[in-house]
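One structure below.
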Amino acid sequence: MTETVHVPLPGRAYDVVIGPGLLAEAGQRIAPLLRRPKVAIITDENVAALHLDALRDGLVRDGIDSRAKVLPAGEATKSWENLTACVEWLLDERIERRDVVVALGGGVIGDLVGFAASILRRGVRFVQIPTSLLAQVDSSVGGKTGINTRHGKNLVGAFHQPSMVLADTLVLDTLPLRDLLAGYGEVVKYGLLGDAEFFGWLEKHGPALARSDDSARIAAVRRSVEMKAEIVVRDETEQGDRALLNLGHTFCHALEAATGYSDRLLHGEGVAIGCALAFELSARMGLCPQEDPSRVRAHLRDMGMKTDLGDIPGELPGPDALLDLMGQDKKVVDGQLRFILARGIGKAFVSADVSENRCSDGASRSAGV
Ligand code: GLY
């Protein structure tokens, strides 16, 4: 039942292993990477309560000793303060260049611990054990690590590839449905950006996946990771194609900022709405068939997900303020917004020439504000 996706980056190739029960097998999977039978685990308190013992048991079964540091859960953990705390703790634990650090958790832990590993002793290896669907299909693969600052999210960080990713699909059973569906926003993104057949498969199997069909989950995680790996190998440091992975994200980042990064809107929910808006904008610009945005929304609605700005609770700022927030996006190059648009389902491309008027008009009309 286990699937492996190889990420063939020259000199830093690694495997993403996907399947049920990988926490219990962590020792045998990680042992080949170790020079001595010891690892440092960093996790958060929610994940620790659910999965830390299982991971440590899995390691001890193969004679691997582990030390663990447990951080508070939540986006605020991706801070300078916690970066310092992680690095100092790793030094206290005498973690050396040849040792391995384990990131056990969702995207916040993966990004923070990956960054800490990238700077500790000028770089130590790390293993990602992603425990959310979002982290399994997106953030744990591809080596983007970092923290937030008062200037914005993910503005400080490094590209540091993991040495292995263990995506245990059984842990997804412990996710609240809302978090699972938010992660599913990133899964849908892959179909929409580059694989129409996969999107068709999701239309059929998405509801079973949400209900806890493990084989549907494994298949969806595998295809998502495969697509991410292909793109990352083509463009590791996002000079071009990697920006495709940001389909829906320009809208999403503006909406997250407008909702104060609160639980009014989870990141993956914003990605799903953002994908629908990107298709709406593409259709209005005559780039893709008119029926594509409706098909995207219909699938999200079938899954019980948010599809429109109107589904976000509370007031939102008007189109100008939203556009202003989009202007803060990391994908602004020379003051120009680079949108990911689509010529159809599975046919996204990076566009630099969405003029502000058109974008404002399309974005606001797409959004119905
Ligand atoms: N999450 C987008 C990327 O890894 O490039």
Side-chain angles (χ1 to χ4, degrees), residues 5 7-9 12-14 16 18 75 78 103 105-115 117-118 126 128 130-148 152-162 165 167 179 182-195 220-257 261 266-275 278 326 329-333 337-342 348-351:
V5 177
V7 186
L9 281 165
R12 5 187 231 305
Y14 57 96
V16 182
I18 302 151
E75 187 70 32
K78 262 171 74 171
V108 167
I109 288 293
D111 284 6
L112 171 71
V113 177
F115 188 29
S118 80
F126 80 117
Q128 289 269 23
T131 55
S132 67
L133 181 57
L134 189 135
Q136 293 193 352
V137 297
D138 192 53
S139 57
S140 68
V141 179
K144 275 191 181 174
T145 71
I147 56 168
N148 306 327
K153 280 179 67 168
N154 298 326
L155 290 178
V156 175
F159 286 99
H160 187 55
Q161 299 292 339
V165 181
D179 289 321
Y184 186 79
E186 297 276 4
V187 175
V188 170
K189 176 193 81 176
Y190 289 104
L192 293 176
L193 78 85
D195 187 347
V221 174
R222 184 189 51 80
R223 183 64 193 129
S224 302
V225 169
E226 229 169 49
M227 291 184 68
K228 177 146 194 185
E230 276 166 24
I231 292 174
V232 166
V233 167
R234 283 209 300 274
D235 176 24
E236 185 181 5
T237 57
E238 201 168 315
Q239 308 301 313
D241 268 8
R242 186 164 180 161
L244 290 172
L245 295 170
N246 294 323
L247 176 64
H249 282 62
T250 303
F251 289 109
C252 170
H253 290 155
L255 295 174
E256 282 184 294
Y261 300 97
L266 304 179
H267 175 71
E269 294 174 333
V271 170
I273 295 175
C275 285
M326 287 186 207
D329 200 90
K330 282 199 299 304
K331 291 177 296 301
V332 175
V333 176
L337 258 180
R338 284 196 303 158
F339 258 97
I340 315 304
L341 297 170
F349 65 98
V350 184
S351 152

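Atoms within a ligand are numbered from 1 in the order they appear, just like the ligands themselves.
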Notebook entry, point to check: What distance separates E186 CD from L134 CG, expressed to the nearest 0.5 Å?
Noted result: 4.5 Å

Item checked: Pairwise distance CG(L245) to OH(Y190) - rounded to 0.5 angstrom -> 5.5 Å

Notebook entry, point to check: Do E75 and Y261 get their side chains close enough for a donor-acceptor pair, meaning under 3.5 Å?
Noted result: no

Checklist line | Value rounded to 0.5 Å, distance of CZ in R223 from NZ in K228 | finding: 14.5 Å

Check: Do N154 and N148 come close enough that some side-chain heavy atom pair is under 4.5 Å?
Finding: yes

Check: In Å, rounded to the nearest 0.5 Å, how long is the span from CZ of R234 to CD of Q239?
Finding: 14.5 Å

Check: Hey, which residues fall under 4.0 Å of ligand 1 on heavy atoms?
Finding: D138, K144, K228, E238, R242, L245

